[in-house]
Protein chains: 2
Amino acid sequence: MGATKTDHFTDKQNAIATLAKAIGHPARVAIIEYLMKVDTCICGDIVNELPLAQPTVSQHLKELKNAGLIKGNIEGNAICYCIDEKAIEKLQNYFGNISTKLTNKKSNCC
Amino acid sequence: MGATKTDHFTDKQNAIATLAKAIGHPARVAIIEYLMKVDTCICGDIVNELPLAQPTVSQHLKELKNAGLIKGNIEGNAICYCIDEKAIEKLQNYFGNISTKLTNKKSNCC
DNA sequence: AATCTTTATCGTAATATTGCAATCTGAAAA
DNA sequence: TTTTCAGATTGCAATATTACGATAAAGATT
(Lines give C-alpha, C1' and ligand atoms only; values in the text may rest on other atoms or scores of the structure.)
Protein backbone atom coordinates (compact mmCIF):
# COMPACT_ATOMS: atom_id res chain seq x y z
CA MET A 1 0.00 0.00 0.00
CA GLY A 2 1.40 3.45 0.85
CA ALA A 3 -1.42 5.54 -0.53
CA THR A 4 -3.54 7.54 1.89
CA LYS A 5 -7.16 6.34 2.07
CA THR A 6 -8.66 9.79 1.62
CA ASP A 7 -12.05 8.45 0.56
CA HIS A 8 -12.66 6.99 4.01
CA PHE A 9 -12.62 10.41 5.66
CA THR A 10 -14.77 13.52 5.42
CA ASP A 11 -14.01 16.35 3.00
CA LYS A 12 -13.34 18.65 5.93
CA GLN A 13 -10.84 16.25 7.43
CA ASN A 14 -9.09 15.85 4.11
CA ALA A 15 -9.04 19.61 3.59
CA ILE A 16 -7.36 20.27 6.93
CA ALA A 17 -4.94 17.43 6.35
CA THR A 18 -3.99 18.83 2.94
CA LEU A 19 -3.28 22.27 4.35
CA ALA A 20 -1.34 20.91 7.31
CA LYS A 21 0.62 18.54 5.12
CA ALA A 22 1.70 21.41 2.91
CA ILE A 23 3.13 23.22 5.93
CA GLY A 24 4.65 20.01 7.21
CA HIS A 25 8.09 20.67 5.77
CA PRO A 26 10.61 23.18 7.13
CA ALA A 27 11.42 24.51 3.67
CA ARG A 28 7.78 25.35 3.12
CA VAL A 29 7.55 26.93 6.56
CA ALA A 30 10.58 29.00 5.60
CA ILE A 31 8.92 30.02 2.34
CA ILE A 32 5.77 31.14 4.15
CA GLU A 33 7.84 33.10 6.65
CA TYR A 34 9.88 34.75 3.91
CA LEU A 35 6.73 35.79 2.09
CA MET A 36 5.60 37.32 5.38
CA LYS A 37 8.86 39.17 5.96
CA VAL A 38 9.11 40.78 2.54
CA ASP A 39 6.89 43.83 2.24
CA THR A 40 6.11 43.61 -1.42
CA CYS A 41 5.04 40.26 -2.69
CA ILE A 42 7.05 40.48 -5.87
CA CYS A 43 9.51 37.91 -4.69
CA GLY A 44 11.83 36.58 -7.33
CA ASP A 45 14.55 35.66 -4.89
CA ILE A 46 13.03 32.92 -2.80
CA VAL A 47 15.61 30.54 -4.19
CA ASN A 48 18.49 32.65 -2.85
CA GLU A 49 16.92 32.68 0.59
CA LEU A 50 16.68 28.91 0.91
CA PRO A 51 19.46 26.34 1.29
CA LEU A 52 18.03 24.26 -1.52
CA ALA A 53 18.51 24.02 -5.26
CA GLN A 54 16.20 25.89 -7.59
CA PRO A 55 14.19 22.88 -8.82
CA THR A 56 13.58 21.82 -5.23
CA VAL A 57 12.30 25.25 -4.26
CA SER A 58 10.13 25.34 -7.35
CA GLN A 59 8.64 22.02 -6.36
CA HIS A 60 7.89 23.23 -2.82
CA LEU A 61 6.25 26.36 -4.22
CA LYS A 62 4.11 24.18 -6.45
CA GLU A 63 2.95 22.13 -3.49
CA LEU A 64 2.09 25.22 -1.48
CA LYS A 65 0.17 26.50 -4.49
CA ASN A 66 -1.68 23.20 -5.00
CA ALA A 67 -2.69 23.20 -1.34
CA GLY A 68 -4.04 26.72 -1.77
CA LEU A 69 -1.65 28.32 0.70
CA ILE A 70 -0.02 30.69 -1.76
CA LYS A 71 -1.02 32.41 -4.96
CA GLY A 72 1.30 33.13 -7.88
CA ASN A 73 0.90 35.83 -10.52
CA ILE A 74 3.14 36.15 -13.53
CA GLU A 75 4.82 39.56 -13.41
CA GLY A 76 6.98 40.04 -16.48
CA ASN A 77 9.55 37.28 -16.51
CA ALA A 78 9.43 36.93 -12.73
CA ILE A 79 6.60 35.54 -10.64
CA CYS A 80 4.85 37.26 -7.80
CA TYR A 81 4.05 34.87 -5.00
CA CYS A 82 2.04 35.69 -1.93
CA ILE A 83 0.20 33.99 0.90
CA ASP A 84 -3.50 33.23 0.52
CA GLU A 85 -5.06 34.68 3.66
CA LYS A 86 -8.09 32.40 3.48
CA ALA A 87 -6.04 29.27 3.91
CA ILE A 88 -4.23 30.67 6.93
CA GLU A 89 -7.54 31.76 8.42
CA LYS A 90 -8.96 28.27 7.96
CA LEU A 91 -6.09 26.83 9.95
CA GLN A 92 -6.30 29.52 12.60
CA ASN A 93 -10.02 28.91 13.05
CA TYR A 94 -9.59 25.17 13.16
CA PHE A 95 -6.98 25.23 15.90
CA GLY A 96 -8.72 28.11 17.65
CA ASN A 97 -11.90 26.05 17.92
CA ILE A 98 -10.06 23.06 19.30
CA SER A 99 -8.22 25.25 21.77
CA THR A 100 -11.32 26.91 23.19
CA LYS A 101 -13.20 23.62 23.38
CA LEU A 102 -10.31 22.12 25.29
CA THR A 103 -10.10 24.92 27.84
CA ASN A 104 -13.87 24.83 28.40
CA LYS A 105 -13.69 21.14 29.14
CA LYS A 106 -12.80 20.93 32.81
CA SER A 107 -12.47 17.15 32.92
CA ASN A 108 -8.78 17.22 32.21
CA CYS A 109 -7.83 13.72 33.22
CA CYS A 110 -4.34 13.55 31.70
CA MET B 1 18.26 12.07 -1.40
CA GLY B 2 14.67 11.89 -0.19
CA ALA B 3 15.45 12.91 3.36
CA THR B 4 14.34 16.31 4.57
CA LYS B 5 17.27 18.67 5.21
CA THR B 6 16.11 19.70 8.66
CA ASP B 7 19.53 20.97 9.75
CA HIS B 8 19.35 23.79 7.21
CA PHE B 9 16.38 25.36 8.92
CA THR B 10 15.74 26.95 12.31
CA ASP B 11 14.47 24.95 15.27
CA LYS B 12 11.28 26.95 15.23
CA GLN B 13 10.67 26.19 11.58
CA ASN B 14 11.31 22.50 12.17
CA ALA B 15 9.03 22.51 15.21
CA ILE B 16 6.10 23.98 13.29
CA ALA B 17 6.75 21.63 10.39
CA THR B 18 6.76 18.62 12.71
CA LEU B 19 3.43 19.59 14.27
CA ALA B 20 1.85 20.37 10.91
CA LYS B 21 3.16 17.18 9.37
CA ALA B 22 1.58 15.14 12.16
CA ILE B 23 -1.81 16.66 11.37
CA GLY B 24 -1.18 16.27 7.66
CA HIS B 25 -3.09 13.02 7.36
CA PRO B 26 -6.88 12.62 7.44
CA ALA B 27 -6.70 9.65 9.81
CA ARG B 28 -4.79 11.74 12.32
CA VAL B 29 -7.21 14.63 11.88
CA ALA B 30 -10.00 12.14 12.58
CA ILE B 31 -8.20 10.92 15.69
CA ILE B 32 -7.82 14.46 17.01
CA GLU B 33 -11.48 15.17 16.31
CA TYR B 34 -12.59 11.98 18.01
CA LEU B 35 -10.54 12.81 21.09
CA MET B 36 -12.32 16.18 21.08
CA LYS B 37 -15.78 14.65 20.75
CA VAL B 38 -15.46 12.13 23.55
CA ASP B 39 -15.99 13.74 26.94
CA THR B 40 -13.78 11.50 28.97
CA CYS B 41 -10.34 10.88 27.58
CA ILE B 42 -10.32 7.22 28.48
CA CYS B 43 -10.64 6.18 24.90
CA GLY B 44 -10.05 2.54 24.20
CA ASP B 45 -12.13 2.42 21.08
CA ILE B 46 -10.33 4.67 18.66
CA VAL B 47 -9.72 1.69 16.42
CA ASN B 48 -13.46 1.01 16.09
CA GLU B 49 -14.05 4.61 15.08
CA LEU B 50 -11.60 4.60 12.19
CA PRO B 51 -11.79 2.76 8.88
CA LEU B 52 -8.29 1.39 9.35
CA ALA B 53 -6.74 -1.73 10.81
CA GLN B 54 -5.50 -1.74 14.39
CA PRO B 55 -1.77 -1.64 13.61
CA THR B 56 -2.32 1.32 11.30
CA VAL B 57 -4.22 3.26 13.94
CA SER B 58 -1.57 2.40 16.49
CA GLN B 59 1.08 3.80 14.17
CA HIS B 60 -0.85 7.03 13.64
CA LEU B 61 -1.28 7.41 17.40
CA LYS B 62 2.45 6.92 17.80
CA GLU B 63 3.18 9.67 15.31
CA LEU B 64 0.80 12.07 17.01
CA LYS B 65 2.47 11.23 20.31
CA ASN B 66 5.98 11.70 18.92
CA ALA B 67 4.99 15.08 17.52
CA GLY B 68 3.69 16.04 20.97
CA LEU B 69 0.09 16.48 19.89
CA ILE B 70 -1.38 13.85 22.17
CA LYS B 71 -0.48 12.31 25.49
CA GLY B 72 -1.06 8.70 26.46
CA ASN B 73 -1.39 7.30 29.96
CA ILE B 74 -1.62 3.61 30.72
CA GLU B 75 -4.91 2.98 32.50
CA GLY B 76 -5.15 -0.65 33.48
CA ASN B 77 -4.96 -2.68 30.32
CA ALA B 78 -6.37 0.14 28.21
CA ILE B 79 -4.69 3.40 27.34
CA CYS B 80 -5.99 6.88 27.95
CA TYR B 81 -5.16 9.23 25.13
CA CYS B 82 -5.85 12.92 25.09
CA ILE B 83 -4.85 16.04 23.20
CA ASP B 84 -1.94 18.10 24.44
CA GLU B 85 -3.32 21.62 24.64
CA LYS B 86 0.09 23.24 24.37
CA ALA B 87 0.72 21.86 20.90
CA ILE B 88 -2.65 23.07 19.65
CA GLU B 89 -1.99 26.47 21.18
CA LYS B 90 1.36 26.69 19.43
CA LEU B 91 -0.31 26.11 16.10
CA GLN B 92 -3.13 28.52 16.87
CA ASN B 93 -0.67 31.24 17.83
CA TYR B 94 1.48 30.62 14.80
CA PHE B 95 -1.34 30.95 12.32
CA GLY B 96 -2.94 33.71 14.36
CA ASN B 97 0.21 35.78 14.10
CA ILE B 98 0.46 35.27 10.37
CA SER B 99 -3.19 36.14 9.94
CA THR B 100 -3.01 39.41 11.88
CA LYS B 101 0.21 40.43 10.15
CA LEU B 102 -1.40 39.81 6.79
CA THR B 103 -4.49 41.88 7.51
CA ASN B 104 -2.37 44.76 8.85
CA LYS B 105 -0.38 44.77 5.66
CA LYS B 106 -2.39 46.92 3.27
CA SER B 107 -0.09 46.36 0.29
CA ASN B 108 -2.07 43.42 -0.96
CA CYS B 109 -0.79 43.19 -4.49
CA CYS B 110 -2.15 39.75 -5.41
C1' DA C 1 17.88 37.22 -33.80
C1' DA C 2 20.89 35.92 -29.95
C1' DT C 3 21.33 36.05 -25.19
C1' DC C 4 20.12 36.42 -20.49
C1' DT C 5 17.11 35.69 -16.59
C1' DT C 6 13.67 33.44 -14.15
C1' DT C 7 10.85 29.67 -13.26
C1' DA C 8 8.97 25.05 -14.57
C1' DT C 9 9.43 20.30 -15.85
C1' DC C 10 11.62 15.78 -16.56
C1' DG C 11 14.15 12.00 -15.00
C1' DT C 12 16.06 9.60 -11.42
C1' DA C 13 17.98 8.13 -6.91
C1' DA C 14 17.40 8.00 -1.98
C1' DT C 15 14.41 7.95 1.65
C1' DA C 16 9.84 8.25 4.04
C1' DT C 17 5.07 7.12 4.59
C1' DT C 18 1.01 4.27 4.55
C1' DG C 19 -1.30 0.08 5.46
C1' DC C 20 -1.88 -4.48 7.05
C1' DA C 21 -1.10 -9.52 8.48
C1' DA C 22 1.27 -11.77 11.85
C1' DT C 23 3.12 -11.64 16.13
C1' DC C 24 4.42 -10.06 20.66
C1' DT C 25 3.62 -7.84 25.35
C1' DG C 26 1.47 -7.06 29.52
C1' DA C 27 -2.37 -6.54 32.51
C1' DA C 28 -6.94 -8.35 33.85
C1' DA C 29 -10.16 -12.16 34.29
C1' DA C 30 -11.31 -16.85 34.63
C1' DT D 1 -1.85 -20.67 35.69
C1' DT D 2 -4.34 -20.17 31.47
C1' DT D 3 -7.04 -17.36 28.83
C1' DT D 4 -8.43 -13.08 27.17
C1' DC D 5 -8.09 -8.52 25.71
C1' DA D 6 -6.00 -4.00 24.36
C1' DG D 7 -2.40 -2.18 22.31
C1' DA D 8 2.46 -2.16 20.41
C1' DT D 9 5.97 -4.01 17.36
C1' DT D 10 7.80 -6.40 13.33
C1' DG D 11 8.17 -7.20 8.56
C1' DC D 12 6.92 -6.28 4.19
C1' DA D 13 4.81 -4.33 -0.17
C1' DA D 14 2.96 -0.28 -2.44
C1' DT D 15 3.22 4.38 -2.93
C1' DA D 16 4.75 9.19 -1.88
C1' DT D 17 8.14 12.60 -0.89
C1' DT D 18 12.47 14.94 -1.19
C1' DA D 19 16.25 16.57 -3.68
C1' DC D 20 18.87 17.79 -7.64
C1' DG D 21 21.14 17.78 -12.41
C1' DA D 22 19.76 18.56 -16.91
C1' DT D 23 16.83 20.72 -19.76
C1' DA D 24 12.88 23.35 -21.44
C1' DA D 25 9.84 27.49 -21.70
C1' DA D 26 9.01 32.30 -21.92
C1' DG D 27 9.50 37.03 -21.29
C1' DA D 28 13.32 40.67 -21.03
C1' DT D 29 17.53 42.62 -22.76
C1' DT D 30 21.04 43.49 -25.92
Side-chain angles (χ1 to χ4, degrees), chain A residues 1-9 13-14 17-31 34-35 38 40-67 70-82, chain B residues 1-9 13-14 17-18 20-31 34-35 38 40-67 70-82 110:
Chain A
M1 327 283 149
T4 297
K5 290 191 164 181
T6 51
D7 48 323
H8 290 8
F9 302 97
Q13 288 169 340
N14 281 313
T18 300
L19 285 175
K21 193 178 183 182
I23 303 179
H25 191 290
R28 295 196 285 268
V29 172
I31 289 173
Y34 182 66
L35 286 177
V38 176
T40 167
C41 61
I42 301 163
C43 339
D45 46 354
I46 299 179
V47 175
N48 304 323
E49 285 292 317
L50 293 183
L52 295 168
Q54 182 267 324
T56 309
V57 175
S58 187
Q59 200 175 325
H60 282 306
L61 286 167
K62 192 181 172 185
E63 276 170 65
L64 284 171
K65 206 174 172 184
N66 284 342
I70 63 173
K71 293 179 285 186
N73 291 40
I74 298 167
E75 199 95 5
N77 70 341
I79 288 197
C80 155
Y81 277 115
C82 57
Chain B
M1 329 279 148
T4 297
K5 291 190 163 181
T6 50
D7 49 320
H8 290 7
F9 301 96
Q13 287 169 340
N14 281 313
T18 299
K21 192 177 182 181
I23 304 180
H25 191 290
R28 296 195 286 267
V29 172
I31 289 173
Y34 181 67
L35 287 176
V38 176
T40 168
C41 61
I42 301 163
C43 340
D45 46 354
I46 300 179
V47 175
N48 303 325
E49 285 291 317
L50 294 181
L52 296 168
Q54 182 266 325
T56 309
V57 174
S58 187
Q59 201 177 324
H60 283 306
L61 286 167
K62 192 181 174 185
E63 275 171 63
L64 284 170
K65 205 174 172 184
N66 283 342
I70 62 173
K71 294 179 283 185
N73 291 40
I74 298 167
E75 199 96 6
N77 71 341
I79 288 196
C80 154
Y81 277 115
C82 56
C110 295

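In the text below, chain A, chain B and the rest are named by the order of the sequence lines, each starting its count at 1. Since we're looking at a predicted model, the values are computed, not measured.
Atom-to-atom, CD1 of A/Ile70 to C1' of C/dA8 comes out at 14 Å; the value is rounded to the nearest Å. Regarding B/His25, its NE2 atom lies at a distance of 12 Å from the C1' atom of D/dT15, rounded to whole Å. With rounding to whole Å, A/Leu61 atom CG is found 14 Å from D/dA19 atom C1'. Here the C1' atom of nucleotide D/dC5 and the CG atom of B/Asn48 are 12 Å apart, to the nearest Å. Distance A/Glu63 CD to C/dT9 C1': 14 Å, rounded to the nearest Å. In this structure, CD1 of B/Ile31 is placed 10 Å from P of C/dG19, rounded to the nearest angstrom. Summarising the geometry, the separation between CD1 on A/Ile79 and C1' on D/dA28 is reported as 14 Å, rounded to the nearest angstrom. The NZ atom of B/Lys65 sits 10 Å away from the C1' atom of D/dA8 (whole-angstrom rounding).
Of the residues near DNA chain C, A/Lys5 and A/Ser58, the one whose nearest nucleotide (by heavy atom distance) lies more toward the 5' end is A/Ser58. In this structure, B/Gln59 and B/Pro55 both approach DNA chain C, and ranking their closest nucleotides by distance from the 5' end singles out B/Gln59.
Within the 4.0 Å cut-off from OP1 or OP2 of D/dT17, not a single side-chain nitrogen or oxygen of A/His60 is found. Under 4.0 angstrom from either OP1 or OP2 of D/dC20 there lies at least one side-chain N or O belonging to A/Thr56. At the phosphate of C/dA8, OP1 or OP2 sits under 4.0 Å from a side-chain N or O atom of A/Tyr81. Look at A/Lys21 and you'll find a side-chain N or O under 4.0 angstrom from OP1 or OP2 of D/dT17.
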Report the C-alpha distance between A/Leu52 and A/His60 in whole Å, list the side-chain angles of each, state the deciding distance to 0.1 Å, and finish with yes or no for side chain to side chain contact (heavy atoms under 4.5 Å, CB included).
CA-CA 10 Å; A/Leu52 295 168; A/His60 282 306; 4.1 Å; yes

Evaluate B/Ile46 against B/Leu35 for side chain to side chain contact (heavy atoms under 4.5 Å, CB included), listing each step before the verdict.
CA-CA 9 Å; B/Ile46 300 179; B/Leu35 287 176; 4.3 Å; yes

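The two atoms that bring A/Asp45 and A/Tyr34 nearest to each other are OD1-OH, 3.2 Å, heavy atoms only. Nearest heavy atoms, B/Phe9 versus A/Pro51: CE2-CD, 3.9 Å. Between B/Ile70 and B/Leu61 the shortest heavy-atom distance is CD1-O, 3.6 Å.
Donor-acceptor pairing under 3.5 Å, judged by distance alone, is absent between the side chain of B/Gln54 and the base of D/dA6.
Nearest nucleotide to the side chain of A/Leu52, out of D/dT15, D/dC20, C/dT9: D/dC20.
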